[in-house]
Amino acid sequence: MRISVVTIFPTYFSGPLDVGLIKRAIDAGILTVDLHDIRDHGLGKHRQVDDTPYGGGAGMVMRVEPLFATLEPLAGSHRVLMSPAGRPLDQATVDRLATVDHLTLVCGRYEGIDQRVIDACIDEEISIGDYVLAGGEAAALVVIEAVTRLLPGVVGNPDSVAHESFRDGLLEEPVYTKPAEYRGLRVPEVLLSGDHARIQAWREEQRRLRTRERRPDLWERFVAGSDS
Ligand code: SAH
């Protein structure tokens, strides 16, 4: 898979792309990430990429020319704008994006980008939640990380991405590892029992309890789904 990132801060990505699972995917040739600096197409001596908003108001807006110049060569890829006004990201969207051959993630800054860029050069807008970031870079990293762990060959045991929170509409159960007791804190007895049927039943119950308690929105959908 190839992911192109369009940003005024390409160095933002140096650290995160160079550790853990993403680094492994890049080293293995499963993932390619290329960074496109909008400022390379900035205007004039100062390589300007933003300007004051028409109609007045606070802040600056990213201009059309540098963004068109950066995005035109990426036509043919699936071009996603990171935006608080986009569709909220969820696991189903991540699953879909992980099947795309060439994904482009566009990072806004300031008050956002001129609407004409969105109309002409963007296929989809995605938000990572109902809060406002200073720029789309952190949001793009969220997408890159969530997508990368789904690419075949990246996570050693495919079961660990098949069985996890949100896959079937439930949160994951609590997990424990050694030692069985630490400062009086004990691992639930059932997990030490070796009784796989009981363990399975306990896990299932925990997933339901947690989801009902913590995410009534997910729980409602889960219950509605199992009825139909
Ligand atoms: N004035 C805009 C916010 C701009 S924030 C508004 O009120 O909607 C600057 C940039 O950060 C945006 O263009 C977008 O690329 C990114 N951004 C901010 N919050 C985001 C979010 N929740 N999800 C995805 N991208 C976000």
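All ligand and atom numbering here is 1-based and tracks the order in the structure. Every heavy atom of this structure was used, including side-chain atoms; hydrogens, water molecules and symmetry mates were not.
A salt bridge does not link Asp50 to Arg63: none of the charged side-chain nitrogens sits closer than 4.0 Å to a carboxylate oxygen. Using a 4.0 Å cut-off between a side-chain N of Lys or Arg and a carboxylate O of Asp or Glu, Arg198 and Glu205 do not qualify as a salt bridge. A salt bridge between Arg149 and Glu145 is absent, with no side-chain N of the basic residue lying under 4.0 Å from a carboxylate O of the acidic one. Taking 4.0 Å as the cut-off between side-chain N and carboxylate O, Asp168 and Arg207 count as a salt-bridged pair.
Counted within 6.0 Å of CD on Glu65, heavy atoms from surrounding residues, nucleotides or ligands total more than 12; the atom is thus considered enclosed.
Of all atoms in ligand 1, listed by their number and element, those nearer than 4.0 Å to a heavy atom of Val132 are 3 (C), 5 (S), 19 (N). Atoms of ligand 1 lying under 4.0 Å from any heavy atom of Tyr110, numbered from 1 in the order shown and given with element: 4 (C), 5 (S), 9 (C). For ligand 1 and Tyr131, the ligand atoms under 4.0 Å from any heavy atom of the residue are 19 (N), 21 (C), 22 (N). The distance from ligand 1 to the heavy atoms of Gly136 drops below 4.0 Å at these ligand atoms: 11 (O), 15 (O), 16 (C). Close approach of ligand 1 to Gly112 (heavy-atom distance below 4.0 Å) involves ligand atoms 13 (O). Those atoms of ligand 1 that come under 4.0 Å of a heavy atom in Ser127, given as number and element, are 22 (N), 23 (N), 24 (C).
The distance criterion of under 3.5 Å between nitrogen or oxygen atoms is met by Gly108 with respect to ligand 1. The shortest N or O to N or O distance between Ala139 and ligand 1 is not below 3.5 Å. Looking at ligand 1, you'll find an N or O of Ile128 within less than 3.5 Å of one of its N or O atoms. Checked by distance only, ligand 1 and Met82 come closer than 3.5 Å through their nitrogen or oxygen atoms.
Screening residues 104-126 for salt bridge (charged side-chain N to carboxylate O under 4.0 Å, His left out), with sequence neighbours left out, gives Arg79-Asp123, Arg96-Glu124, Arg109-Glu137, Asp114-Arg116.
The option with the heavy atom closest to atom 5 (S) of ligand 1, from among Leu133, Ile126, Asp130, is Leu133.
Remark: distances from the non-hydrogen atoms of Ala85 to ligand 1 are all 4.0 Å or more. Judged by the shortest distance from any of its heavy atoms, Ala134 lies inside the 4.0 Å radius around the atoms of ligand 1.
Hydrophobic cluster membership for Val190: Tyr176, Val187, Leu191, Leu192, Ile199, Trp202 (Ile, Leu, Val, Met, Phe, Trp, Tyr linked by side-chain heavy atoms under 4.5 Å, directly or transitively).
Of all protein heavy atoms, the one closest to atom 24 (C) of ligand 1 is Ser83 N, 3.4 Å. The protein atom (non-hydrogen) at minimum distance from atom 8 (O) of ligand 1 is Pro84 CG, 3.4 Å. Protein heavy atom nearest atom 1 (N) of ligand 1, with residue, atom name and distance: Glu111 OE1, 3.0 Å.
Between Asp90 and Phe166 the shortest side-chain heavy-atom distance does not fall below 4.5 Å. Considering only heavy atoms from C-beta on, Leu170 stays 4.5 Å or farther from Leu218 through its side chain.
Checking atom 22 (N) of ligand 1 against the protein gives a heavy-atom contact under 4.0 Å.
Between the side chains of Ser4 and His102, a donor-acceptor pair is found at a separation under 3.5 Å. With hydrogens and angles left out, the side-chain atoms of Arg87 and Ser127 include no donor and acceptor closer than 3.5 Å.
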